Structures are given as C-alpha cells and as structure tokens.
Asker: 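The structure is given below, and queries will be raised subsequently.
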Amino acid sequence: MIRFVLRRILAAIPIGLIVTLGVFALVFAMPGDPLRELAGDKPIPAAVMAAKRAQFHLDDPFIVQYLLSMKDLFTGHFGTTFAGADIGDQLRLRIPVTLKLATMSLVFQWIAGLLFGLYAGFRRNGIVDRMLLLATLVVLAVPGLVLYFTGQYLFGVELKWLPVSGTRDGWPMAYLLPAICIAIAGFAGMARLTRTTIVDTSNADFVKTARAKGLGEQRILWRHVLPNALLPVVTLMGIDFAGIFAGAVLAESIFNLPGLGQFLFQSIRFKEGGVVVLLSTLAFVMFIAINLVVDIVYGFIDPRVRNV
Amino acid sequence: MIRPPSGAFAEEVGSTVRRLTGVVGVTVGLALLLSSCGDGKSSDSGSGSGDKSEVIAIAADPLDYINPLNENGSPGIQVAMAVFAPLVTTDPNTGKLQNVMADSVTPDKTSQTWTIKLHPGNTFQNGQPLTAKDYVDSWNMTAQGSNAWKNNGFFSKVDGYDALNPPTPDGATPKPTAVKTLSGLKQVDDLTFTVKLKVPFSQFGLTLQYLGLAPLPEEVRKNPDAYKRKPIGNGPFKLAADWNPGDDIKLAKWDGYKGPNPPEAQSITYRFIPNADTAYNEFLAGNVDFVDVPPTKVKTFKTDAPDGWVTAVSSGANYLVIPAWDARYKNPKLRHAFSMAIDRKAFADLVGLSDPAKGLIAPDIDGYRDNACKYCDYDPAKAKQLLQEAGGFSDPVMISYNTTSATGQIFAEAIGNMLRQNLGLTVKYAGKSGSEITTLADTRKLDGLRFGGWGHDYPSIEDYLTPMFKSNGDANFAGYANPALDTVLAKGDAEPDQEKAIKLYQQAEDIALEDMPLIPLYTKSNAYLHSAKIEPRVSKYVGVSALYATFK
C-alpha cells in the first residue's frame, strides 16, 4: 500500500508541472494588458506603468515569469495582487469559506443523490423513479446561473428565510442557500449513476445466485448489491469533491462568498497569472490527494483493485 | 480619474463623476439572463442600528486599501470621499465652485501660477493641523513615478514633473530620482502654497476638486503601507472599527470636520458586493439602504422599488469611435453619413434611461449647447447622399464590441443594422475583451468602429475636448489630430475669463464635430434605489449621493 501511495505521489509531480505550466500559458496568452484592465481608459503615466510592470515581472519572458511564480509558491512569498491585496491574507480568509461551502454542498448533494438513486434503483419504474428522471432532466437543463439567482430571489428576497448573500450570518446560515443550490444542480448525476448501478448489479448473476440459494433480501442488499453497486459512486464522489472548486466559482460570485472560487474569477479577469497558478496548484493538489484517498477506499471496498 | 475602457458601453460608465472600469461589466455580464420581477417594496431599514446610519452597497470587488492619492477607481474614490475632504468642491445647488479645505484658489494673470490658501483650523483625524506642507509633500510623493501611485498623471501639468518621471527603458525598474520635489510646487507659509504649471491652464482651479488630491498626514507619508487599512483622513467620517480583509468598511462621523455642509449620517457602512445583481437583490431584501441599478435592471427598477428610486443624468457621453489611422474612413462626409444614418432616439431607447446626444459634451456641463451637432439628426436620405458624395464605401464595416459587457453585442448589432439598412453597407462584428480592444486601438491595429465613453474628472467643457480631441490628448480614442483645434484649445487654456474661455472651447467642439472622429450617440442617466429611511441628495450638477443623504 505504501508503495502504491508513493508511486501515485511521484507520478503527480510531472503532471503538476504540466498543469501549472499549461494554466500559466493560458493566462499569459489571454489578449489585453492586465494593468490596462485595472485602469480603464485613463492613461497610466509611463513611469507608473514601468514601476508596476517591474513589480509584477510583466516584462520578463514567459518562462521566467512562470519560474518566478513557482518560486513564490514554494517559498510561500505570495506577494500582492495587482490591485494590492496581500495574497497570503486572501488565502487565509478564503480557504475556510470554500471548504465550508464545499463540504456542506457535498453532504447535501450526496445524501440527496444516494437516497433518490437507491430508492429509484430498487423501485424501478415506480413514481419516484419517473419523478427522478424528470427532475434530473430539468435540473440538467437549467443553467446554474438561473438556478442560483432564482434561489436567491425566492428564499432571500421574497421569503426572507435565508440570507441573500455574504457571510455575515456565519456558518451554517450563510452557506445554506448556496450549498442547497449547488446540491440541486449536482445531485442529479449522482442519483442517476446510483440508480443505474443498482439496477445493473441487481440483475447480475451473483445476485441471482444469492437469491437462488435462499439468502434473505436484506442480506442480498447489504452484502452483495450495495458494495458492488457503490464502486462507481465512490469514484464519482471523489470527482465531485475535487471538482467543487470549479462549481464554487459561480456560486461564490453570485452569493458573494469570499472564497477561492471568487478569487479565481477575479484573478482570471485581471490576468493575474501568478494567482491563477497558485489557485490551480491548490486545486490540483487537492485533486491528487482526493483521488489517492478514493483509490485507497476502493481497495477496502473491492479487494480486486488492491494489487493493481 | 478613471475612464471606461473605450470598448465599453455606457452602462459601464459609473456614477456621477468617476468612472467604473470594465470590471463591473464582467459581473454584470454573468447576470444577463436574469430578470427580476419582485414587488420590491422599498424596505425601511438597513442592517445598521441606531439613528441616521446607512448601509451603502458598492457593486465592486472589496477595496484593499484607502489612499486617495493611489486611487482612481469609482469604488475607492467613493469611500475616500467620506474619509477625506478635497480643497474645493462643486456646490450641489448652484454648480459653482465652493471652498472646502481651501480658503482661496487664485490664478495669476496668465493662469500659469496658482496660489492656494488653506482655511485655518482644519486638522487630520489624528489631531495634527492640516498645513500647506501636507499638501506639498503628499503631492510630491504622488508625482514621484517610482512610487507608482495611480494619480501620478494629475501632476504632469505641473512644472518639474518630468524630472520625477524620467523615461524608463522597456523592462527596467524605475529608480527613485535624485530630485524628490516638483519644482513647480512651493510652500509659502503654513497655510499657503503655490503651483506653477508648465503652460497656462485656466481650468486648473476646477481640477482641484478631485478627491484623489487629498493630503496624507506626516505619519502616513512616512510609511503608507502601514496605513493601508487604517487611513487617517481629514473628511467628515473616520473608521469606526478595525477594517480587515473581507470586512465591510464601517465609518463613524468625525466631529473635527469643519467643511461646509457636512453629511447628515452619523455612521455609514460600505458593503462590497461584486455581483451587481446580487447587490440589487440585497436591496430588495431590505439589507442595504442604497444601491446602483445595474444595466440588467434598467427596465424593471421602477416596479421593483416604486417608492425608492432616483435618477440623475450621468456626467458623461457615449460615442462611436472612427479610427483616424484608417484612410478609408478619412472623408468627413463619410463620417457625417454614418452619423445621420443612426436613429439616436431608437438607440437611446434600446440602451434605456438615455437621451440622444446632440454634441460632444455632457448636458450638465457649463458650455453645453443642445444644437451643437449639425450632423446628428436621423436623416437616411441625406446620409445616403453624403455617402455618395464621399465616394461610397465598398469594404465591410467592422464593429468591435466588448464581450465583457452584457449588452455589447446587442448595441453593436443595433448600430450595424442601421448602417446596413440606411446606407446599404456590409457590416461585420468582432467581440473582444475591453482591454484587448484598447490595446489594439493604442497600437493602431484595430479595424473599424468601436464604442467609447467618457466622463469628466472635473466639470469643465475642457475636460471633454482636451483628453479626446487634442492631438496628444490622453484619451484620444480615435487617434485624431487637427492643429487648428489644438490652437483653439491652447487659447482657451490661456484665457482667464471663464466665459470667454468657454466660447473658445465651443469653437474647438465645432471643429471636432466637423471632422467627427467621434460620432455622438447618447447621454445616459444613472438610477439608484434607496430605502425609505434615507433620501439621497440629487443634484443636477453632481448627480446622486448617498453619502449626503438626508434621513427621515
């Protein structure tokens, strides 16, 4: 197991290099001058422009800029954004916000996904199954933007049950609405997958065998169907968890939660390559770590993958 | 002193005097799909407690520091207006210049050297008296190019600026210069200093109302970074609580402020909500007392908050920019043909809260004439005739629009359709980010037309003509140059009599309208929502102010 973990971590290093370099190149290639974007049309005096460009290494060649931001990243000297915010402060402020939002929305999403998926899987073509199909189609068809604003308007402005935006009400109140919205937008995939794997597994030969030899339904469910059906679900959970950062970009912007997603959005807008790479690296490390955890969990659920 | 990106549309143009950058356009763009249809009864209370407190929503990223000299964005200047006080200001009732920290601002006979006397008895919020030295030293710091403070450019008119801002080779880091002071800036005594300009400039007194010239006290000047989040101002409000990243900015009235007409509010909270539609929803939910109406709500805000809205003409104007660097567009008759093919009324209706433009300057500016433009009436027949006289135009007309604006494409297509239908032209469109359009235009590589907007930094007709039409103007969108116009502008700048100066500037506007590097399109109003407990100050000269709201 230790060899397996080490191998995965070593493999992550070149991937990380490629990912950060790629992200940095993409930001670098975005058209327009980042300092201009800050200044609007007001001309910036040449001396001021030169001083700012030097401060943020904007005149250096691409690869030098990349290496400098990697150096900042590893030494922990993050510096400031173009607008003057201390990046270290921003991370301290924002990481907890995103984590709170992510965990809460995932818990909602997984509970809803699993419950609906399991029920629909066992009661195929029943009312819940049909409702679920319809609901998932609707949810998948509605853009997140519309869903978030509708939720905000309905529960924040009209009913006043939950805060409209911001973190002033603290955890959990401030996070409930965005978390529910993310969960609604995301539970459909989980529910559909769970339903399908349950259906597939229930029809598998070994389940029929179990039934044929007279095992009770409860035992078949808990010992034979679920452990096998949940394998792909665990994978999806891992992907969900790693991808929550991406989902947070929109939700944090609309619900004004000062998290990493909002920060990423701002940084891309201002072409702040260094910050984007920093955040991407964070996301990447999280992705690798979570995948590792998923693989290990897999090993416990399914003995077959232990020796791969 | 910030201007909208030239590719930007008017809806990105900020409040009364200062401009927003394209920043807001991005968040606004996200929300295009949504429209609100609430009952929107104006709420009677913000989250602030006690009497005469208000919560003002600012739809922008949170500030990272408060330093007026290093700030030229609308949100930062808005907050700085509460914490700092300018030398002079525009009287909201009369439109005339009014002293605040200054006792007098006097030009010499040529308008080249200006003497500024401070009103005695003013102090900073740390108790130190406000002296001429504070102004001279703060301004010198800002004029030092290597400090990279955003209002550095303001001092380029002052004698000695070049010594503090030597040309820097590409890629080099500007070094602090040996010279630390502007030769044109002289302290006479504790309360008097003089400013000698490079050339005569009759409008200089008006420029002094810019909040970005506010002084910093000595302890802040020594280490500005240490005071990024704890400003020491000289204005009507001071920080009421520690201000950490992510916090609202909470201000309390400062009793030491002795300027005219102090605001009525006892405490003000500025809340930053980057998404303008979210900020609007916060207002509808009753959590803030004042909010800007974002462009996505222009058609619905009156029903959303039937008893709680105000509008005011925005000090600015919006144009279609014709590139002077493209010989195909050179003939003024062609430009006039384009102009007369545009149905400004229909276009203004499309934009919403707007009026057709009748000249190159904003309607609230002294010297505005509503018959200035002879080629701004919609007349397709005349337009066609002018196009023929100009020899026609066979190439496709390219219109670039800002993709970060919610309405960029819609407006571009509206103009394009008018040119197509009324002049029989082929029109093509190109969507790009605002900064890309600006960069392409700066390097003379942009093909075809684009939108441009301008709002003044100080309320003078000159601040429309010099930046946009003088051959080296710093917002010369079209890359336009006409020596005759430059000469008339210089005469206006040297004319101490304001009435006569305005006449000269109007001559310059006439020249610009004949050449028409910019086609006037529309002037816009801004709309704001306010809670029932406040009544924002509305002035036809300085627009709407929540800072100076009265309480019920």
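Numbers restart at 1 for each chain; the letters A, B, ... are given by sequence-line order, proteins then strands. Basis for what follows: all heavy atoms, side chains included, without hydrogens, waters or symmetry-related copies. Not measured: the values here are computed from a predicted model.
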Asker: Does the distance from a Lys or Arg side-chain N to an Asp or Glu carboxylate O, for R229(B) and D89(A), drop under 4.0 Å?
Answerer: no

Asker: Do you know the tightest heavy-atom contact between A51(A) and A148(B)?
Answerer: CB-CB, 3.6 Å

Asker: Name the region of F155(B), side chain, backbone, both or neither, that has any atom closer than 4.5 Å to a heavy atom of chain A.
Answerer: neither

Asker: What is the distance from atom OH of Y65(B) to atom CG of D86(A), rounded to the nearest 0.5 Å?
Answerer: 14.0 Å

Asker: For Q55(A), which atoms come within 4.5 Å of any heavy atom of chain B: side chain, backbone, both, or neither?
Answerer: neither

Asker: Taking side chain as everything from C-beta outward and backbone as N, CA, C, O, which of these in K228(B) sits under 4.5 Å from a heavy atom of chain A? Side chain, backbone, both or neither.
Answerer: side chain

Asker: In terms of heavy-atom pairs under 4.5 Å with chain A, which of S156(B), P245(B), G246(B) leads?
Answerer: P245(B)

Asker: Report the distance from atom OG of S433(B) to atom NZ of K271(A), rounding to the nearest 0.5 Å.
Answerer: 8.0 Å

Asker: Run the side-chain contact (heavy atoms from CB on, under 4.5 Å) check on D277(B) and Y153(A) step by step: do they pass?
Answerer: CA-CA 10 Å; D277(B) 291 79; Y153(A) 191 77; over 6 Å; no

Asker: What part of S146(B) lies closer than 4.5 angstrom to a heavy atom of chain A: side chain, backbone, both or neither?
Answerer: backbone

Asker: Which bit of N147(B) comes within less than 4.5 Å of chain A, counting heavy atoms only: side chain, backbone, both or neither?
Answerer: neither

Asker: Can you confirm whether R168(A) sits close enough to R271(B) that some side-chain heavy atom of one is under 4.5 Å from a side-chain heavy atom of the other?
Answerer: yes

Asker: If I measure from the heavy atoms of chain A, does N244(B) come under 4.5 Å with its side chain, its backbone, both, or neither?
Answerer: neither

Asker: Any side-chain heavy-atom pair from T278(B) and F255(A) closer than 4.5 angstrom?
Answerer: no

Asker: Which pair of non-hydrogen atoms, one from F272(B) and one from N256(A), has the smallest distance, and what is that distance?
Answerer: O-ND2, 3.3 Å

Asker: Taking S165(A)'s backbone N and O only, do any of them form a donor-acceptor pair with E282(B)'s side chain (distance below 3.5 Å, no angle check)?
Answerer: yes

Asker: Locate the shortest heavy-atom distance separating F270(A) from D61(B); write the atom from each residue and the value.
Answerer: CE1-OD2, 3.9 Å

Asker: Heavy atoms, side chains only, cut-off 4.5 Å: are N275(B) and F149(A) in contact?
Answerer: yes

Asker: Of all of P62(B), P167(B), G145(B), which one pairs up most often with chain A through heavy atoms under 4.5 Å apart?
Answerer: G145(B)

Asker: I'd like to check D64(B) versus Q90(A) (side-chain heavy atoms, cut-off strictly below 4.5 Å). Are they in contact?
Answerer: yes

Asker: Tell me which of these, Q262(A), Q152(A), R53(A), has more heavy-atom pairs under 4.5 Å with chain B than the rest.
Answerer: Q152(A)

Asker: In Å and rounded to the nearest 0.5 Å, what is the CD1 to CD1 distance from I254(A) to I273(B)?
Answerer: 13.5 Å

Asker: Just so I know, are the side chains of N287(B) and K160(A) near enough to count as touching, which here means a heavy-atom distance under 4.5 Å?
Answerer: no

